[in-house]
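These notes concern the structure reproduced below.
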There are 2 protein chains.
Amino acid sequence: MLTERQLEIVLAVVYEYIKTGEPVGSRTIAKRYLRGRSAATIRNEMADLEEMDFLYQPHTSAGRLPTPKAFRVYVDAILRRQRSPGDEYQYWVRELKKKRDDLESALRYATKLLGDLTNCIGVAAVGPAEEAVLQKVEFVKVAERTALLIVILKGGLLHHKTMQLPQDMDQQTLDELSQRITVVASGKSWRKVRDALLKYVMQGLQSYAENCKAALNEVDILLLKDSYHLFTGGKHNILSLPDFADLSRLQVVMALLEEESSIAELVQKFSPDKGLSVMIGKEDPAFPIEDCSVIMASNIADGKKTVLGLIGPVRMDYERSISVLEAVLDSISTDVEEEVDDI
Amino acid sequence: MLTERQLEIVLAVVYEYIKTGEPVGSRTIAKRYLRGRSAATIRNEMADLEEMDFLYQPHTSAGRLPTPKAFRVYVDAILRRQRSPGDEYQYWVRELKKKRDDLESALRYATKLLGDLTNCIGVAAVGPAEEAVLQKVEFVKVAERTALLIVILKGGLLHHKTMQLPQDMDQQTLDELSQRITVVASGKSWRKVRDALLKYVMQGLQSYAENCKAALNEVDILLLKDSYHLFTGGKHNILSLPDFADLSRLQVVMALLEEESSIAELVQKFSPDKGLSVMIGKEDPAFPIEDCSVIMASNIADGKKTVLGLIGPVRMDYERSISVLEAVLDSISTDVEEEVDDI
DNA sequence: TATTAGCACTCCCACCTAGTGAGTGCTAAA
DNA sequence: TTTAGCACTCACTAGGTGGGAGTGCTAATA
């Protein structure tokens, strides 16, 4: 589809455009990237590339700008090649690792860091605690037919939720229920024990069958179906970018970011085994903003699916952004070992 | 200090400026606000008011703009007079009341609502649970000399925190400790029982005196000294305001908002018995942004100090903003009754 | 056939130049 | 004390100009 030389030109235009933000002329390319050829030759190639929708001119007598298609080619080239971890920002990443206390605050800090290091907006999302290992499950009665469900995960993480009970239940019976669940589930991941649990839990609590089912279901929701919790940081960074000098464009981006639902959709869609992915311009309908790119990567942290991302202008330094993102994600991620033990 | 007529002119200039955003001329004031007098008269008065630092001219041949001093006069006049609850936004406030589930999400929603209704940035902060009534206190061992402290408040609210124990302690002893604290504190506010608690808690746990002290201290921190948790919403609103057409100004505001610490300071300083207060321009050093005003009000919600605020341009519709803020705050606030019972 | 030098052409942009109008300060009269 | 009148100031706009970067096309060249 593209000749070797055309590819070279496309990559050069994108690279130069990312650096300067200005339309790139044939002379520049000839002088800095394809020294053997003259500007006229490049011009001919460029005219072809324009027909093929890799380049376009903002007006007749201007240089060329890359289209999203050209960015795609450029980013794919970066992703294909082996990336080396940059050094300048390693200090910050170590700093983050040092401060890493609970996941929430780590992510909050990470989004700021991501944003500041790349001049983009940092986003983070934690999903359900699918891989987490349980330590204790407890129900506390807080009102008639209302209980507070508390799940403590290994490492001291705590999840809780207020739930309605189909039948009223006194605290003693709730304790019995808590006890039964804890005995079986402790030291294992919920995903593995949930199916085997109901029969055992019901023993001695037959008259509360409905409650038992409801209780297990709520734990299910809490640990497996909990929606993603979002963080963003460094929003102010993009204000200084020339790409967003236009206020109306800025407003669209900010409004979308505050909406959260579209970001959540984006994260939801992004399955962790995808590694790292880059969306350019309006490639993904969930983030339909021209001139914005999204980079996302994910891993497991504290037993939870964790997605880290960057939102910035299409004209961003992808190379740097990607390696910052990878480094930060790496320093957030943890592997929690699970006790091997059956019911 | 100001004659009756001068005051009238100041209020008129502020009012007109808030409406139009343009410098206000003597003719406008004469025609719309002081019909008896001619423009020339108003001009003379205005020259005096300029000397007194209530008005200024952006350039020689322009109308007058109000200084922060003039805004102060205007706002004080509003605050002095009885305010009527507006009707147009009552629908949204009712909606908020309907959705009011847990305090966190209510505040999150409230900040959005505040922002959208007033075209400002909504902020909210919840402080320590000073007034809350306890239901249960529990310690769960999660590692060698590390325990998870869980405090359940009446109504099913939960606070938790990981703490270090001076001495190691097995779960059984931790249970004993939990039990002792719960028995005394349940049904009362922590503030009232904390001082009387230590002696009782130590009984039977003499050899763990250090741990007991540490444990009570941690509950103290969790319930009384916990720092404010901040929310902001509707940040995108100010992007469309002509007052922030200047990107650099916008950037300063956004950066400050993301910093959080200065907002926290602002909230911290604001003591709840102050009712409602308005800071104009750089009146408060904690929010040193020219052309920005802050309105804050606070109350108790779910036993916690709750501050609601608005950050917007100095040129905002104070009348509307104040009444929206009061209405939203009112719909968030709750009074929790406390059981009357002594140790 | 691919490449290149030359040249006319296009169009943005920065700069300048009135012209317009809203609003002022000052003065002198009511 | 108030007001009409008038000269003056200054931001804002529209229209005009020159320079420069970059193009497309053509014809000569390897």
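Each chain gets a letter, A, B and so on, in the order the sequences are listed, and its residues count up from 1. Values in this document were obtained by computation on a predicted structure and should not be read as measured data.
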Please give me the minimum heavy-atom distance between [X] and [Y], naming the atom from each residue.
X      : Y      : value
A/V123 : A/T232 : CG1-CG2, 3.6 Å
A/G122 : A/L310 : CA-CD2, 4.3 Å
B/I263 : B/L256 : CG1-O, 4.3 Å
B/Q251 : A/S240 : NE2-CB, 3.4 Å
B/S321 : B/I295 : CB-CD1, 3.7 Å

(message) Please tell me if B/T41 has a side-chain N or O lying less than 4.0 Å from either OP1 or OP2 of D/dT3.
(response)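 For D/dT3, OP1 or OP2 has a side-chain N or O of B/T41 closer than 4.0 Å.
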(request) Report yes if a side-chain nitrogen or oxygen of B/R64 is closer than 4.0 Å to either non-bridging phosphate oxygen (OP1 or OP2) of C/dG23; otherwise report no. (result)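 So the side-chain polar atoms of B/R64 never come under 4.0 Å of the phosphate oxygens OP1 or OP2 of C/dG23.
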(message) For B/R72, I'd like to know if atom CZ has over 12 heavy atoms of other residues, nucleotides or ligands within 6.0 Å.
(response) yes
(request) Run the numbers on B/Y33 and B/L11 for side chain to side chain contact (heavy atoms under 4.5 Å, CB included), then give the verdict. (result) CA-CA 10 Å; B/Y33 300 90; B/L11 295 180; over 6 Å; no
Which whole-number value in Å describes the distance from [X] [atom1] to [N] [atom2]?
X     : N      : atom1 : atom2 : value
A/I42 : D/dC25 : CD1   : P     : 17 Å
A/E22 : C/dC11 : CD    : C1'   : 15 Å
A/M46 : D/dC25 : CE    : C1'   : 17 Å
B/E45 : C/dG25 : CD    : P     : 13 Å
B/D48 : C/dC26 : CG    : P     : 12 Å
A/I29 : C/dT4  : CD1   : P     : 15 Å
A/N44 : D/dG22 : CG    : C1'   : 14 Å
A/E50 : D/dT23 : CD    : P     : 10 Å

(message) Can you work out whether B/R37 or B/R43 has the more 5'-proximal nearest nucleotide on DNA chain D?
(response)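 Between the two, 5'-proximity favours B/R37.
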(message) Does anything in residues 51-62 of chain A come within less than 4.0 Å of DNA chain D? Heavy atoms only, and list the residues if so.
(response) A/Q57, A/T60, A/S61, A/A62
(message) For a quick check of understanding: with a heavy-atom distance under 4.0 Å over all strands, which category does A/R27 fall into, base, sugar-phosphate or nothing?
(response)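 Answer is nothing: A/R27 stays at 4.0 Å or more from every strand.
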(request) With DNA chain C as reference, determine whether A/G36 or B/G63 sits nearer its 5' end, using the nearest nucleotide of each. (result) A/G36
